[in-house]
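What follows is a single structure, written as structure tokens, with notes after it.
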Amino acid sequence: MSYPSLLLQLAQNALVLLIAPLLLGWTSQCRAWMQNRSGAGVLQPYRNLNKLFHKDAVLAVNASALFRATPYILLACMWLAAALVPVLATGLPLSPAVDVIALVGIFALARVFISLAAMDIGTAFGSLGARREMLVGFLAEPALLMVLFTASTISGSTSLITIVETLAHKPFVLYPSMVFAAVAFIMVMLAENARIPVDNPATHLELTMIHEAMVLEYSARHLALVEWAGALKLLAYTTICIALFVPWGIAETGNWGALPLAVAALALKLAGAGAGLALLETLSAKMRIFRVPEFMGTAFLLAVLGLLTHFLLETAA
Amino acid sequence: MNIPFSGQIINMCAALLLLIAFAMLSQRRILSLINLFALQGLILAVSTSVVAYSSHQVHLYYSAALTLLLKAVALPLILHRLIRKLNVKWDVETLFNIPTTMLAGLALVVFAFNLAAPISQMAGTITKSTLGIAMASVLLSFLMMITRSKAVPQVVGFLAMENGLFFAATSATYGMPMVVELGIALDVLVGMLILGIFFFQIRTAFDSLDLEHMEKLKED
């Protein structure tokens with residue numbers, strides 16, 4: 001492990017923490033433009049965080065230590081996940097730890113804690129949100145794993161680094177199975193990040209909430225941490241999506257000259273992903289909660305089909 | 001893996017055809033169903049012309065042109081006209097239990113892939129690995145015909161099945177002789193016209209396009 005790569009790892013960790021609210025702001029801004037509103041600007045999430053950090057926290061009288069600790073655990077999980085995904089370069093000190101199954105595990109850990117914290121206070125909406133989150137989560141997780149397995153069978157490893165290197169630095173090959181995997185992954189991403197067909201991030205109606213219902217009781221710095229963690233989760237999913245489906249432009253191990261190009265490519269891809277997400281959200285309407293299992297079932301089915309097509313089309317030759 | 005680039009494009013088209021077959025299976029709106037059918041015809045034409053280009057089979061270009069003309073333009077236009085005249089353009093069919101249907105579809109895909117594996121091992125064409133997908137699309141369209149009760153989606157299912165058969169013929173043997181293909185194309189066109197007349201007859205007799213009415217033998 002050399003010092004430059006250690007530095008690069010630290011820089012990447014700081015970068016994901018800082019640009020996560022920007023991606024959220026950019027997505028909301030694109031959505032506003034598409035809906036003919038002027039929008040609040042791409043920096044609005046930073047202003048929100050700043051405001052929340054300067055407020056005094058209010059806690060329910062029966063809140064336990066778990067309720068207070070959860071925002072920190074949540075932020076730690078999401079930061080770890082977002083920092084592990086190779087965004088700028090491969091071959092960093094944390095690279096050996098980047099296993100796709102471990103990533104899914106980190107997301108599951110965060111989900112368990114936020115659901116427990118939501119039920120901790122004992123209000124009706126918290127428990128309702130927690131149950132719905134668990135319903136969506138347990139349907140989304142197998143689909144996500146199947147998508148990742150499809151990518152793993154192509155590259156022969158569950159390490160995200162190996163997958164990226166196989167896809168980005170080998171001669172270009174069209175993988176039909178990745179088409180299925182991409183569609184399934186986008187569906188999972190919408191569900192996991194509480195975006196529109198499944199959940200509305202901007203809703204004020206408690207009965208339709210999923211994610212928002214769980215964090216209703218949080219205020220001030222706790223809420224800021226939860227929101228920051230949400231932004232990091234969106235960034236983590238977007239970067240996984242980029243790593244799996246459009247990995248070109250990432251810097252190779254020890255190739256420092258490619259870094260500026262990698263930064264530019266990342267900015268371009270994130271901007272595209274944010275705009276695409278806003279477009280998807282503008283085009284679709286929120287579905288009933290009982291339609292969600294159908295939606296997630298379709299995602300799982302597509303992921304399995306991707307795996308099957310891989311064995312049919314890509315291993316025969 | 002060393003498949004030539006044209007082979008990769010054909011594989012990609014095959015994967016898209018499978019994707020569309022599943023989209024049709026779960027589509028509730030008749031209008032979107034017909035648009036999906038048109039898209040299927042378009043992809044079929046693209047893949048056929050790529051096969052023609054890579055295998056230097058001139059007659060396949062004619063089939064591709066015929067497919068484009070008939071299945072991506074003519075038949076969808078006729079269907080659009082029909083649903084406008086029958087006033088079922090915005091009909092939404094109540095499909096029960098889509099996840100179960102999709103799981104059944106998945107089982108069919110596994111079955112078709114296994115069935116096609118020994119055949120494609122013996123075939124020497126560039127498209128040999130897509131035979132499984134072609135059979136899967138045939139079976140999926142068949143499943144769609146079984147699960148639908150309205151007349152128009154059933155006919156779309158029938159036409160989609162013909163698309164699957166055509167794709168199977170291209171992937172197994174570089175297409176059928178030109179005479180056979182022309183005959184089938186004409187059959188489909190005439191069949192479509194006759195079925196269109198049937199729709200009107202069914203509607204005047206039963207006041208509905210729901211084919212479940214036809215299962216009763218006695219009038220009550």
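In what follows, chains are A, B, ... by sequence order, proteins preceding strands, each numbered from 1.
At a heavy-atom cut-off of under 4.5 Å, chain B is reached by no residue from residues 148-158 of chain A. Of residues 284-303 of chain A, those residues with a non-hydrogen atom less than 4.5 Å from any non-hydrogen atom of chain B are, in numerical order, A:R291, A:E294, A:T298, A:L301, A:L302.
In B:F142, the CZ atom is not crowded: 12 or fewer heavy atoms of neighbouring residues, nucleotides or ligands sit closer than 6.0 Å. Within 6.0 Å of OH in B:Y61 there are more than 12 heavy atoms belonging to other residues, nucleotides or ligands.
To the nearest 0.5 Å, the span separating CG on B:L18 from CZ on A:F180 amounts to 4.5 Å. To the nearest 0.5 angstrom, B:L106 atom CG is 6.0 Å from A:L308 atom CG.
Using a 4.5 Å cut-off between heavy atoms, B:I9 contacts chain A through both its backbone and its side chain.
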